[in-house]
Structures are given as structure tokens and as C-alpha cells.
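Presented below is the structure to which this report refers.
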Amino acid sequence: MTPVFTEQLVSLMLEHISHTENGIAALDANDRFIFFNPAFTAMFGIADYLTLGHSFDDMLTRMFSHGVGTNCKSSTLPEWLAYVHSQYRKKPFRSFEVDLVNGRWLLMTEQVNENGEVVLVGNDITRAKQAEQALKAAKEILKQQALTDELTGISNRRHFMQLVHYEYNRARRYDSRISLAILDIDYFKKINDNLGHPVGDEVIRHFATLLQQQLRKQDAVGRLGGEEFALLLPETTEAEAAVMIERIIKQLKQTQLDHIVPGLSYTFSAGVAELKLTSAASIDSWVSIADQALYQAKTGGRDRVEIYQAKGK
Ligand SMILES: Nc1nc2c(ncn2[C@@H]2O[C@H](COP(=O)(O)OP(=O)(O)OP(=O)(O)O)[C@@H](O)[C@H]2O)c(=O)[nH]1
């Protein structure tokens, strides 16, 4: 049913428009304000400025020069005006979000009729926006937690293996060299048994920090579980990886651990495998070769790094 615009209905609507919290304004075809309600000037911080007859650009200029209303992303006024006019009046109807200098958010609608008159309506959506941002932040934290080892803050097995997949594919595509190392703290059970689980945890954290400190920008470190860690070393041959790990072994020997327990020391063993790009090379076989090299380092006496040597070689 089409509403009949009785005098009573029109006066009711006008009263509503004057008192609503939604900002409402109208401009004529020459872009001069022919109407605005108090909520409109209040939300843009221009209540003491805007009068009928002012142009839309007057409003934009006032907001820019007084640092009120819209949070202008441009550094100069001409740039700001050009940005707004690249969108303003370009469609019969559009809606867009506006963030304000006071931290609030508006959902604006802009309706242009056939005569070129414009009606602007602004709704304060700050609460919805804050909820949306809080949800986004929470999702980001959850995503981080899913990829991070809680004890050490480095990548967990799942994230590390994602990186291995990514770098494996890259190495195949570009025929580049890449090495994987698996590192395991020696006799870690004894540390736990003799000094307690919290000290064991401290040692794990210490080892994670030590590895992080020794890495280059392109390298990755992860905790695979327990006292087992892994390094992914792009553009690195197995010999270079072994040298790098020797350096970490040396560094660890020179490190004071008295702040954990006076007189404490520990060592680790490592196995290195360079990805050999034969057609049979899979991620599983690559990881398994690094694991076998680690086994050789353990059985060979620990506190050392081994590059996998096939039996009989
Ligand atoms: N403190 C602590 N201990 C852990 C954690 N995860 C696993 N462990 C312990 O790590 C120990 C690993 O022991 P083993 O697998 O026997 O290895 P190891 O004693 O290091 O011996 P080798 O590897 O052969 O040198 C076990 O006692 C686990 O309970 C952890 O997050 N914190």
C-alpha cells in the first residue's frame, strides 16, 4: 500500500528526522546543503560551522583543516578532495564505511536522484565495528596459537611441516639446494629426572632461543615435540648445514647456564639431510633421511652432527 503523505505524516517524519541519532543531510544539484539534522553535524564535529548554503567541499575543507570528522588519509587538501570526488555522486546509490578522528565508525549511504540532489545518511556502527575488530584479533591469536609451540614460542610441528612443504615445492621449481636438520637434546630424560621437569622446560626454552639466535633470515626453526627440534635451511648444502650446526654446538659449550641451575650444561645431536632432487624424492623420505642421520649422531656418541651416510659407504 502506497503511503498517503498527509500533513500529519509529513510532520511526524520531519520530527523523526530532526531527533533521530542517524545523521541526515540533503544537497541540491549545485552541491549546496539544503538540509541537515543536528545528528549529522554532531557526528562530523561541524555543529558550530555548517549552515545551509555551505557546499559539500566547504564541509570537507573544514574537517580537513580543523582535524575533525572524517579521518582523512591524504596529506594535502587537494589530494583529499580528489579522493572523495573520485567516488562522490558516481552512482545513484552507494554505501560505505567512514572512520572518524574520534575513533568512531559510520556506515554512510549516499543517494543521488535524477535532479542531481543528494541525500546522505550516517549510522554510527562503532559497536559493531569494535566487535568485528575484536573477533578479527581473536581469530589472529587463535591462528598464531595453532601454529606456535606454547613452551618456546617458535613454530610447532604443524607449522614447521607447512614451511617444509612450501620450501620443498620451491626447491623443486627452481632446482635449488635446501637442507633439513633434526636436532635432539642428549640425555634429556636425565635432566628431567635429576633436576625436575621445570628445569627440563627451561633447557628446552634455552635451546629454542639459541637456535633462533643462530639462524639467518631465510631459515626456519620448529619444535617437533619433546626435546626434538628442526631447522630448515634454504640455499644450503648438507656440508654448509653441518658447519652451521657445528658452530651452534661450539656456541652452546661456551654458554653459561648458571641462571637455570648452577653448573648445568647440556649437549645435543643433529642429523642433516640435503634434499636430493631425484624424481623419487619425497618430503617423507627427506625427513626420514634426516632422522637416520640423527640416529647415526646418537649412536656415534652424541654431541655431534652427522650427514646421513648410507651403510656400506
Ligand atoms: N621438561 C620437559 N620434558 C619433556 C617434554 N617433552 C618431553 N619431555 C621428556 O623428554 C624425555 C625424552 O627422553 P628420551 O626420549 O629417552 O631421550 P633422551 O633422554 O634425551 O636420550 P637421547 O635422546 O637418546 O640422548 C622424556 O623423559 C620426556 O618425558 C617437555 O615439554 N618438557
Side-chain angles (χ1 to χ4, degrees), residues 141-164 179-215 219-233 238 241-274 283-311:
I141 290 171
L142 279 179
K143 204 169 115 191
Q144 274 309 315
Q145 282 176 348
L147 302 177
T148 306
D149 172 54
E150 205 181 339
L151 182 64
T152 60
I154 64 174
S155 295
N156 60 16
R157 173 187 281 272
R158 185 170 153 186
H159 188 216
F160 185 81
M161 288 314 294
Q162 283 174 2
L163 298 173
V164 169
S179 289
L180 174 72
I182 303 181
L183 306 88
D184 187 282
I185 300 173
D186 295 326
Y187 301 118
F188 186 69
K189 191 173 178 314
K190 278 192 191 158
I191 298 176
N192 268 339
D193 291 350
N194 297 341
L195 303 167
H197 208 270
V199 171
D201 283 357
E202 279 300 316
V203 169
I204 287 173
R205 266 199 286 262
H206 178 269
F207 192 45
T209 307
L210 178 74
L211 295 178
Q212 276 178 302
Q213 285 166 351
Q214 299 298 317
L215 291 190
D219 302 334
V221 57
R223 182 179 174 211
L224 300 183
E227 80 290 16
E228 192 172 73
F229 292 75
L231 299 178
L232 185 61
L233 309 166
E238 55 193 15
V243 168
M244 184 178 170
I245 292 168
E246 291 280 9
R247 212 176 48 231
I248 303 175
I249 291 175
K250 210 165 142 197
Q251 178 72 33
L252 179 57
K253 290 193 192 312
Q254 291 164 356
T255 306
Q256 272 285 339
L257 299 171
D258 287 354
H259 61 283
I260 303 178
V261 169
L264 176 72
S265 68
Y266 72 93
T267 62
F268 70 92
S269 303
V272 169
E274 183 178 335
I283 291 177
D284 285 350
S285 63
W286 187 24
V287 173
S288 153
I289 288 172
D291 247 334
Q292 290 175 58
L294 170 62
Y295 178 76
Q296 288 173 346
K298 288 275 182 189
T299 51
R302 295 178 175 77
D303 191 16
R304 68 192 58 211
V305 53
E306 289 289 348
I307 297 166
Y308 175 69
Q309 300 295 330
K311 282 207 181 85

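Every heavy atom of this structure was used, including side-chain atoms; hydrogens, water molecules and symmetry mates were not. Counting convention: from 1, in listed order, for ligands and their atoms alike. When a residue number appears, it is its place in the shown sequence, counting from 1.
Contact residues for ligand 1 (protein heavy atom closer than 4.0 angstrom to any ligand atom): Asp184, Ile185, Asp186, Tyr187, Phe188, Lys189, Asn192, His197, Gly200, Asp201, Ile204, Arg223, Gly226, Glu227, Lys298, Arg302.
Side-chain contact of Thr209 with Gln213: a donor-acceptor pair under 3.5 Å is absent, judged by distance alone.
Remark: side-chain polar atoms of Arg158 are not paired, donor with acceptor, to backbone N or O of Met161 under 3.5 angstrom. Arg205 places no side-chain N or O within 3.5 Å of a backbone atom of Val203 that could act as its donor or acceptor partner.
Legend: salt bridge (charged side-chain N to carboxylate O under 4.0 Å, His left out) pairs involving residues 242-270, not counting sequence neighbours, sorted by first then second residue: Lys253-Asp303. Screening residues 283-292 for salt bridge (charged side-chain N to carboxylate O under 4.0 Å, His left out) gives no qualifying pairs among residues at least two apart or on separate chains.
By the side-chain hydrogen bond (donor to acceptor under 3.5 Å, both in side chains) test, Lys190 pairs with no residue at all, sequence neighbours left out.
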